[in-house]
Trainee: 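Before we start, here is the structure in question, set down as structure tokens.
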Amino acid sequence: MLNADPLQARPKLLNATLVARALDSLRPQVNSSAEMWQALTNHYVVDLDAVAALLPAVEPETEWLPSRN
């Protein structure tokens, strides 16, 4: 990712089991899924598909249009 130091070697998490362990270890330190993605990509080289399968999808809030009178 853009903010990660390219010269620092990061552990590779290339399967769902390793990603799940990393998620469990990072959960106490983060408050949202956006922060989780940031923490994961700063500390590890991850399989993005495995992370997406384990993290819940964030659906945008529905915005209802005002009714016509």
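Computed from heavy atoms alone, side chains included, the values below leave out hydrogens, waters and symmetry copies.
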Trainee: When you compare the side chain of Asn15 with that of Asp47, does any pair of heavy atoms fall below 4.5 Å?
Mentor: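 They are not in side-chain contact.
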
Trainee: Tell me, which pairs form a salt bridge (Lys or Arg N to Asp or Glu O under 4.0 Å) where one or both residues lie in residues 34-44, sequence neighbours left out?
Mentor: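 Residue pairs with at least one partner in residues 34-44: there are none.
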
Trainee: Taking atom OG of Ser32 and atom CD of Gln38, what is their separation to the nearest 0.5 Å?
Mentor: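 Rounded to the nearest 0.5 Å, the OG-CD separation comes out at 10.0 Å.
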
Trainee: Tell me every residue that passes side chain to side chain contact (heavy atoms under 4.5 Å, CB included) with Leu14, counting only those two or more places apart in sequence or in another chain.
Mentor: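 By the side chain to side chain contact (heavy atoms under 4.5 Å, CB included) rule, Leu14 matches Lys12.
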
Trainee: Side-chain donor-acceptor contacts of residues 18-27 below 3.5 Å, not counting sequence neighbours, with atom names and distances?
Mentor:
{"residue": "Ser25", "atom": "OG", "partner": "Ala22", "partner atom": "O", "Å": "2.9"}

Trainee: Between Leu40 and Val51, does the side chain to side chain contact (heavy atoms under 4.5 Å, CB included) criterion hold? Intermediate values first, please.
Mentor: CA-CA 9 Å; Leu40 274 173; Val51 176; 3.7 Å; yes

Trainee: Could I get the full list of salt bridge (charged side-chain N to carboxylate O under 4.0 Å, His left out) partners for Asp49, not counting sequence neighbours?
Mentor: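 With neighbours one apart ignored, the set is empty.
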
Trainee: Following the transitive rule for hydrophobic clusters with a side-chain heavy-atom cut-off under 4.5 Å over Ile, Leu, Val, Met, Phe, Trp and Tyr, establish whether Met36 and Leu48 coincide in one cluster.
Mentor: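 Linked within one cluster.
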
